[in-house]
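Down below is the structure, laid out as structure tokens.
Naming convention: chains lettered A, B, ... in sequence-line order (proteins, then strands); numbering from 1 in each chain. All of these numbers come straight from a predicted model, not from anything done at the bench.
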Amino acid sequence: MIFPKAYSALKEDEIYAAWEASGFFQPKAGPPKTFCISMPPPNATGALHIGHAMGLTLQDLMTRYNRMKGKASLWLPGTDHASIATQNKVEKIIFEKDGKTRHDFTRAAFLAYVESFVKESQGTIRRQMRKMGASCDWSRERYTLDEGLTRAVQEVFVRMYRDGLIYRGDRIVNWCPRCASTLADDEVEYKPTKGKFYYFRYGPVVIGTARPETKFLDKTIIVHPKDKRYAKLVGKTFAVPWIDGKVEARVIADSTVDMEVGSGAMTLTPAHSFIDFYLAQKYHLPIIQIIDEKGNLTDAAGEFAGMNAHKAREKIVAKMLVKGLVERIDENYEHNLSVCYRCGTPIEPLVSRQWFIDVNHELRITNYELRKVVGKSRASLKEMGIAVVKKGAIKIIPDRFNKTYFHWMENLRDWCISRQIWFGHRIPVWYCIGDNKCLLACKNPIVSIDTPLACPHCGSKNLKQDPDTLDTWFSSGLWTFSTLGWPEKTRDLKQFHPTSVMETSYDILFFWVARMILMSTYALGQVPFRTVYLHGLVRDKLGRKMSKSLGNGIDPLDMIKKFGADAVRLSLVIGTAPGNDIRLYEEKIAGYRNFVNKVWNIARFVLSRSKKQEARIKNIKMKNFTLADHWILWELGELVKRVNKNLEKFRFSAAGEDIYEFMWHKFADIYIEETKREKREHQQEILEYVLERCLIMLHPFVPFVTEEIWKIMNYELGITNYELLIVQPWVEKLDITVSKARALEFIKAREMKKQPTLSETEKKELKSYIASLEARLKNKQFLAKAPPQVVEKERGRLKEANTKLTIAQNL
RNA sequence: GGGCAUGUAGCUCAGCUUGGUUAGAGCGCUUGAUUCACAUUCAAGAGGUCCCUGGUUCGAGCCCAGGCAUGCCCACCA
């Protein structure tokens with residue numbers, strides 16, 4: 001077999017094909033122990049970026065490790081339809097190509113176009129995942145919009161509606177006028193903006209606002225109950241000259257008001273501010289819309305009706321100036337403007353009739369395990385979500401994100417789930433617009449999985465489905481179990497849920513991880529996963545976020561082409577800590593490419609000396625071992641212990657670094673060099689023994705090169721019916737023990753050989769070191785309080801230093 | 001305003017869980033080595049007030065308190 005001088009990553013596709021053909025990506029049938037990761041589904045619209053590559057690497061590492069440990073291991077891949085993101089993207093393409101908008105198409109025609117686009121992208125994504133070496137089970141691949149998952153979505157919706165968790169209501173929502181849709185609270189971003197801040201005379205008080213155009217119908221003044229300045233006003237009503245004539249204004253005291261802000265008094269704009277909306281509900285005040293879904297002023301704005309709200313602002317202020325209502329204007333007001341996270345358009349909070357999930361509604365918990373965790377038989381979604389993490393049913397790595405998670409959960413408001421876009425899961429709700437024989441009952445929506453044929457109340461066949469679709473996170477919230485076949489009681493579901501690990505980026509902790517916890521505890525009474533491992537963001541060498549506009553992005557495929565997938569994988573694992581961002585650049589990847597080549601050449605050296613047609617040595621016995629033999633095997637044993645411990649604790653970086661250090665700087669630089677000097681009987685056995693164990697431990701990190709070496713190794717040893725490395729049993733511990741004392745002797749002998757002579761300054765340094773050790777060993781408090789092992793160690797060090805000095809002085 | 005993280009060699013980062021070696025690695029830099037598995041290599045070397053101040057301790061890069069710097073998250077258009 002040809003063993004080229006340098007490892008060529010060109011082999012990778014071939015190796016991947018062999019794995020795929022072997023069927024080992026599918027979980028084994030036998031073992032009772034299982035391991036499962038649901039792959040976070042990338043948006044079906046795009047190419048994978050380096051952040052995905054990092055996730056794939058870590059997930060693949062865990063899957064391969066557990067597979068080699070003999071567990072039935074499933075890594076389930078898939079893609080997400082990503083409703084708003086995809087629709088926006090396709091709309092943009094259509095517009096750029098033909099100058100058309102989606103409204104130039106029928107809904108069905110538009111959706112067909114989107115689907116064809118998605119199909120194409122999915123193909124690209126699959127190819128990229130294969131390039132990374134992802135050992136996921138392609139036979140179980142899912143898509144959030146496929147038939148089974150759609151069924152799961154409908155099932156959960158209907159159940160939640162029947163349980164009183166889903167309701168339709170007129171509530172204040174985040175509205176994006178450009179997307180013409182609602183957004184969830186966490187889909188809103190904040191952008192620092194400079195603007196004008198207006199102070200208006202409003203009867204007895206002065207109020208401040210950045211949005212005069214919403215203030216037409218303000219009729220309530222709110223002050224803090226302890227605010228002495230306004231105490232006399234509370235409870236009274238005033239006739240206040242306002243934009244369109246006089247209004248009757250009432251003064252209310254409520255402690256949500258911050259006395260320090262502005263004038264300490266504010267007026268309520270119930271329909272266009274979240275706080276005001278809740279206060280209006282609390283005091284049963286009328287809620288009237290001033291701005292409509294297009295961002296235009298309603299009839300409530302009188303002469304300004306129909307104008308774009310933002311554009312009308314200055315005209316309204318001009319009118320108020322004339323009427324003498326303007327106290328002053330702060331021109332340099334800095335505040336955070338809320339914008340749509342998809343398109344950057346300023347958000348318009350407004351009241352709208354939408355579907356919501358009630359996160360505070362109490363439910364009976366039927367699952368015994370969950371009831372034990374929650375500690376009571378009834379709880380709200382919010383309480384369940386908090387309890388499962390607090391009680392350790394779910395462990396988040398790194399644990400500092402617990403705090404963030406709790407804070408978010410505790411402040412969670414009802415989740416608006418309806419979106420006014422076309423691409424997504426249609427809301428399984430129909431309205432009777434028929435004969436109105438029984439007007440009252442027909443007002444109840446028909447919530448059903450199957451399309452109803454007739455109104456259950458009046459029998460009319462004139463039904464209309466709700467035009468809206470569901471928030472994309474509704475379906476991805478079901479991902480861990482919908483992909484396993486739920487609501488059917490499948491074997492996969494029983495075997496693999498709860499899944500073992502959720503590995504994802506910390507920036508979607510709220511969007512997705514929290515939603516999965518809510519949905520899974522509700523629908524299954526089970527947590528979706530036992531462990532959440534959060535990785536950081538990949539940044540450029542200067543610590544900047546990678547972006548198209550900066551042009552500082554690193555395309556994983558380019559890097560794979562240049563350095564090989566193994567090198568790319570290592571660069572994303574070693575030197576990274578969970579939850580911390582990492583900096584990535586070509587030199588780093590090149591460094592790991594060098595290591596991959598080193599591994600290749602170690603194998604080349606070891607195997608070039610191998611005797612053909614000889615069975616591979618699985619066990620070796622201690623026979624006339626040299627100090628070096630003792631040493632390398634002892635070091636290997638220590639390495640195995642550390643690697644296992646680190647992998648169990650999700651410290652992938654430490655494990656990888658250890659193997660790197662051992663193979664390059666101990667095995668290659670020292671032991672292999674030693675064998676060149678002196679050829680002995682059992683050397684070859686030891687070389688092969690160490691190499692084999694290293695290949696196994698290294699495989700989850702660098703699957704391609706290790707598998708290729710494995711193939712050549714078996715060929716060289718004349719073994720034809722071997723199993724692929726991907727399913728070799730993991731190295732739990734060494735089946736040989738050597739003398740630690742001999743190993744340490746080897747290290748000492750090397751050190752003595754290395755530094756026989758010392759310069760004058762080095763001698764001086766050594767002397768002062770000896771002096772400091774002696775002083776410490778004479779210190780009574782040290783001797784009294786330090787643990788005996790530490791004292792012993794210090795004595796040893798002193799002895800060693802003295803010997804060294806003596807040798808140096810005698811030379 | 002609330003919270004979190006980070007600060008160690010020129011650069012990128014380990015080490016902090018459990019305080020105890022003369023503080024480590026990779027890249028870069030300096031010097032040397034080429035028929036020997038690998039120049040995608042090897043050997044040797046230079047390079048550090050472990051952000052600052054104080055405290056606890058026989059002993060602090062590590063623990064505690066305060067501060068400085070940087071980055072991120074949440075809240076907020078009164």
Watson-Crick or G-U wobble partner for [N], using a 3.5 Å limit on both distances?
N: B/A39; answer: none
N: B/U18; answer: none
N: B/U49; answer: none
N: B/U57; answer: none
N: B/A69; answer: B/U6

- Query: Given that A/Gly591 and A/Arg400 both sit by RNA chain B, which one's nearest nucleotide is further toward the 5' end?
  - Reply: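 The residue whose closest nucleotide sits nearer the 5' end is A/Arg400.
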
- Item | 5'-most by nearest nucleotide on RNA chain B - A/Glu587 or A/Lys403 |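 Of the two residues, A/Lys403 wins.
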
Using atom [atom1] in both nucleotides, what's the gap between [N] and [M] to the nearest angstrom?
N: B/G47; M: B/G24; atom1: C1'; result: 14 Å
N: B/C29; M: B/U18; atom1: C1'; result: 38 Å
N: B/U49; M: B/A75; atom1: C1'; result: 40 Å
N: B/C27; M: B/U6; atom1: P; result: 26 Å
N: B/U17; M: B/U12; atom1: C1'; result: 24 Å
N: B/A25; M: B/G48; atom1: P; result: 15 Å
N: B/U40; M: B/C4; atom1: C1'; result: 40 Å
N: B/A23; M: B/A60; atom1: C1'; result: 13 Å

Applying a 4.0 Å non-hydrogen cut-off, can you work out what [X] is touching in the nucleic acid: base, sugar-phosphate, or nothing?
X: A/Ser338; value: base
X: A/Glu765; value: nothing
X: A/Thr256; value: base
X: A/Ile602; value: base
X: A/Leu766; value: base
X: A/Thr209; value: sugar-phosphate
X: A/Ile347; value: base
X: A/Pro346; value: nothing

- Message: A/Glu648: which residues meet the salt bridge (charged side-chain N to carboxylate O under 4.0 Å, His left out) condition with it, sequence neighbours left out?
- Response: A/Lys69

- Do the ring planes of A/His335 and A/Tyr333 sit parallel (below 30°), tilted (30 to 60°) or perpendicular (above 60°)? parallel

- Check the angle between the aromatic planes of A/Phe197 and A/Tyr199 and answer parallel, tilted or perpendicular using the 30° and 60° thresholds.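 The arrangement is perpendicular - the two ring planes meet at more than 60°.
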
Quiz item: [X] side-chain donor-acceptor pair to [N] base, under 3.5 Å:
X: A/Lys676; N: B/A37; result: yes
X: A/Asn336; N: B/C76; result: yes
X: A/Glu661; N: B/A14; result: no
X: A/Thr404; N: B/C73; result: no
X: A/Lys598; N: B/C38; result: yes

Taking only the side-chain heavy atoms of [X] (C-beta and beyond), determine which of [options] contains the nearest atom.
X: A/Met266; options: B/C77, B/A78, B/A37; value: B/A78
X: A/Arg211; options: B/A37, B/A78, B/U17; value: B/A78
X: A/Asn580; options: B/U6, B/A37, B/C77; value: B/U6
X: A/Glu657; options: B/A14, B/C77, B/U21; value: B/A14
X: A/Ala577; options: B/A37, B/A14, B/C76; value: B/A14
X: A/Ala6; options: B/A37, B/A78, B/U40; value: B/U40
X: A/His335; options: B/C73, B/C77, B/A37; value: B/C77

Under 4.0 Å: is that the gap between some side-chain N or O of [X] and OP1 or OP2 of [N]?
X: A/Asn594; N: B/U41; answer: yes
X: A/Trp664; N: B/C42; answer: yes
X: A/Lys793; N: B/U21; answer: no
X: A/Tyr190; N: B/C76; answer: yes
X: A/Arg583; N: B/C13; answer: yes

- What residues, two or more places apart in sequence or in another chain, satisfy side-chain hydrogen bond (donor to acceptor under 3.5 Å, both in side chains) together with A/Lys666? A/Glu635

Quick one: [X] [atom1] to [N] [atom2], roughly how many Å, whole number?
X: A/Tyr585; N: B/U12; atom1: OH; atom2: P; result: 7 Å
X: A/His665; N: B/A43; atom1: NE2; atom2: P; result: 8 Å
X: A/Asp507; N: B/C73; atom1: CG; atom2: P; result: 9 Å
X: A/Glu189; N: B/C77; atom1: CD; atom2: P; result: 17 Å
X: A/Asp658; N: B/G15; atom1: CG; atom2: P; result: 11 Å
X: A/Arg593; N: B/U40; atom1: CZ; atom2: P; result: 8 Å
X: A/Lys588; N: B/A25; atom1: NZ; atom2: C1'; result: 12 Å
X: A/Asp185; N: B/C73; atom1: CG; atom2: P; result: 17 Å

Identify all pairs in which a protein N or O lies below 3.5 Å from an N or O of nucleotides 64-66 of chain B, and state each distance.
none

- Query: Looking at A/Tyr660, is A/Lys598 sitting on its ring face, NZ or CZ under 6.0 Å from the six-membered ring centre and within 45 degrees of the normal?
  - Reply: no

- Establish, for the pair A/Arg201 and A/Trp242, whether the NZ or CZ atom is under 6.0 angstrom from the six-membered ring centre and no further than 45 degrees off its axis. no

So that I can tick it off, tell me whether [Y] and [X] are bridged by a salt bridge, with the cut-off set at under 4.0 angstrom between side-chain N and carboxylate O.
X: A/Asp186; Y: A/Arg515; answer: yes
X: A/Asp330; Y: A/Lys196; answer: no
X: A/Lys562; Y: A/Glu586; answer: yes
X: A/Lys194; Y: A/Glu331; answer: no

- Please assess A/Lys282 against A/Asp254 for the test salt bridge (Lys or Arg N to Asp or Glu O under 4.0 Å), listing each intermediate value before the final yes or no. CA-CA 10 Å; A/Lys282 188 171 170 184; A/Asp254 191 285; 2.9 Å; yes

- Task: Determine whether more than 12 heavy atoms belonging to other residues, nucleotides or ligands lie under 6.0 Å from atom NZ of A/Lys382.
- Result: yes

